[in-house]
Amino acid sequence: MLKRWPGFLLIAIILVLWEISSANRWIDPVTFPRVSTIASSWWTTIWTKGDLLKQLLPSLERIFKGFGLAVVIAVPLGLLMGTRPMVYRLLEPITEFIRPIPSSAYIPVAILFLGIGNEMKIFVVFLACCFPILLNTYGGVRGIDPVLIDTGRTFGVGPLKALWQIILPAAMPNILTGMRISLGIALIVAIVAEMITGNSGIGYFILDMQRIFRVPEMFAGIFTLGLLGFLINFIFLRIEGHFLRWRGTSVET
């Protein structure tokens, strides 16, 4: 974390310039309130009143449920596509057909079938997360050195044991990369879905504050999203470093 001090210093400089510019009316203080005002609103909404904290919890639930479901389904499918040519030929056309469609385009269709409740938002997050995990898992399996698998066969390792002890560990860096990408997508899609159809969640909170022109609270919600994304990525890097410790390298944090 200490190695990132130049990046944190840059953020601090930007915030200080924002504060000075707004205080001296070099920028519109209504559209861009002072950072100190936003910080005060953030403290009030998340701790004193708890409004922002209450909206954050439903968003986290949707993100992790959709992401978790995607991991459970996409990783096994990716392993099958990478090890079984017939499964690849079966799933590759539909995967390449659906994958380029923007994640937000799924929302109207999901509303028709699932309504505007929690299930719809979780499904959209799940669908958006599936493809990065699926394709990275497949790519990881296809990138394994065949010598590793052949060596396992020489020592009498069966297909299932090879999948668990050779293929999965070797493909793990790619799988974790896909999962990390999907976490960012999950956050984006969940917020968009909440803005379009939500009555709860941080996306709904941000849009609601904009509608009633409570601009400091709106920016407090946006800053919270940035902090949330940073924390999720930081925690995931720690988890990734734990699973890949066998490589003898550590992730910079």
- Message: With a sphere of 6.0 Å drawn around CD1 of Ile94, does it hold more than 12 non-hydrogen atoms of other residues, nucleotides or ligands?
- Response: no

- Message: Looking at Ile20, is its backbone amide N or carbonyl O close enough to the side chain of Asn24 to form a donor-acceptor pair, meaning the two atoms are under 3.5 Å apart?
- Response: yes

- Query: When rounded to the nearest 0.5 angstrom, what distance separates CD1 in Ile175 from CD in Glu240?
  - Reply: 11.5 Å

- Note on the structure: Scanning both residues in full, the closest heavy-atom pair of Leu79 with Thr83 reads O-OG1, 2.7 Å

- Atom pair OG1/CD1 of Thr137 and Ile167 - distance to nearest 0.5 Å: 12.5 Å

- Please answer: with hydrophobic residues joined when any side-chain heavy atoms are less than 4.5 Å apart, are Phe234 and Ile181 in the same cluster? no

- Item | Enclosure of Ile116 CD1 (heavy-atom neighbours >12, cutoff 6.0 Å) | no

- Note on the structure: Correct closest heavy-atom pair for Asn136 and Pro132 would be ND2-O, 2.7 Å

- Across all chains, not counting sequence neighbours, the ring pair (Phe, Tyr, Trp, His ring centres under 6.0 Å) partners of Phe223 are Trp18

- Note on the structure: Shortest non-hydrogen pair, Val71 vs Pro76, comes out as O-CD, 3.8 Å

- Message: Count I, L, V, M, F, W, Y as connected when their side-chain heavy atoms are under 4.5 Å apart, and connections chain through other members. Are Ile144 and Leu135 then in the same cluster?
- Response: no

- Does Leu91 reach the side chain of Met86, with side-chain heavy atoms less than 4.5 Å apart? no

Which atom pairs, donor and acceptor, lie under 3.5 Å between side-chain atoms of residues 124-131 and protein residues at least two apart or in another chain?
none

- Are Leu56 and Leu52 close enough that some pair of their side-chain heavy atoms sits under 4.5 Å apart? no

- Task: Tell me, please, which residues at least two apart from Tyr138 pass ring pair (Phe, Tyr, Trp, His ring centres under 6.0 Å).
- Result: Tyr88

- Measure across Ser182 and Ile133 and return the closest heavy-atom pair with its distance rounded to 0.1 Å. OG-CG1, 3.3 Å

- Task: Can you establish whether the number of heavy atoms outside Phe32 located under 6.0 Å from its atom CZ is more than 12?
- Result: no

- Task: Nearest 0.5 Å please: distance from the CG atom of Leu176 over to the CG atom of Leu237.
- Result: 10.0 Å

- Item | Shortest non-hydrogen separation from Ser104 to Val192 and the atoms involved | CB-CG1, 4.3 Å

- Spatial distance of atom NZ (Lys121) from atom NZ (Lys65) [nearest 0.5 Å]: 12.5 Å

- Item | Linked, directly or transitively: Ile122 and Leu112 (ILVMFWY side chains, under 4.5 Å) | no

- Query: Does Leu77 share a hydrophobic cluster with Leu69, counting links as ILVMFWY side-chain heavy atoms below 4.5 Å and allowing steps through other members?
  - Reply: yes

- Message: Please determine whether the number of non-hydrogen atoms from other residues, nucleotides or ligands lying under 6.0 Å from atom CZ of Arg84 exceeds 12.
- Response: no

- Message: Hydrophobic cluster membership, with links at side-chain heavy-atom distances under 4.5 Å among I/L/V/M/F/W/Y: are Ile14 and Phe219 in one?
- Response: no

- Query: Between the side chain of Asp145 and the main-chain N/O of Val147, is any donor-acceptor distance below 3.5 Å?
  - Reply: yes

- Message: A side-chain contact here means heavy atoms from C-beta on lying under 4.5 Å apart; do Met120 and Phe113 qualify?
- Response: no

Only distances under 3.5 Å count here; give the side-chain donor-acceptor pairs of residues 196-212 to other protein atoms, sequence neighbours excluded, each with its distance to 0.1 Å.
residue: Thr197; atom: OG1; partner: Ala193; partner atom: O; Å: 3.1
residue: Ser200; atom: OG; partner: Arg62; partner atom: NH2; Å: 2.7

- Query: Do Thr31 and Val215 touch side chain to side chain, with heavy atoms closer than 4.5 Å?
  - Reply: no

- Taking the side chain as C-beta and beyond, is there a heavy-atom pair between Met81 and Leu90 under 4.5 Å? no

- Item | Any residue meeting ring pair (Phe, Tyr, Trp, His ring centres under 6.0 Å) with Tyr106, in chain and number order, not counting sequence neighbours | none

- Mind listing the closest non-hydrogen atom pair of Phe64 and Leu183 along with its distance? CE2-CD2, 4.2 Å

Quick one: side chains of residues 33-42, donor-acceptor pairs under 3.5 Å with protein atoms, not counting sequence neighbours, listed by atom name and distance.
residue: Arg34; atom: NE; partner: Glu19; partner atom: OE2; Å: 2.9
residue: Arg34; atom: NH2; partner: Glu19; partner atom: OE2; Å: 2.9
residue: Ser36; atom: OG; partner: Glu19; partner atom: OE1; Å: 3.4
residue: Ser36; atom: OG; partner: Glu19; partner atom: OE2; Å: 3.1
residue: Ser41; atom: OG; partner: Thr37; partner atom: O; Å: 3.1
residue: Trp42; atom: NE1; partner: Thr224; partner atom: OG1; Å: 2.9

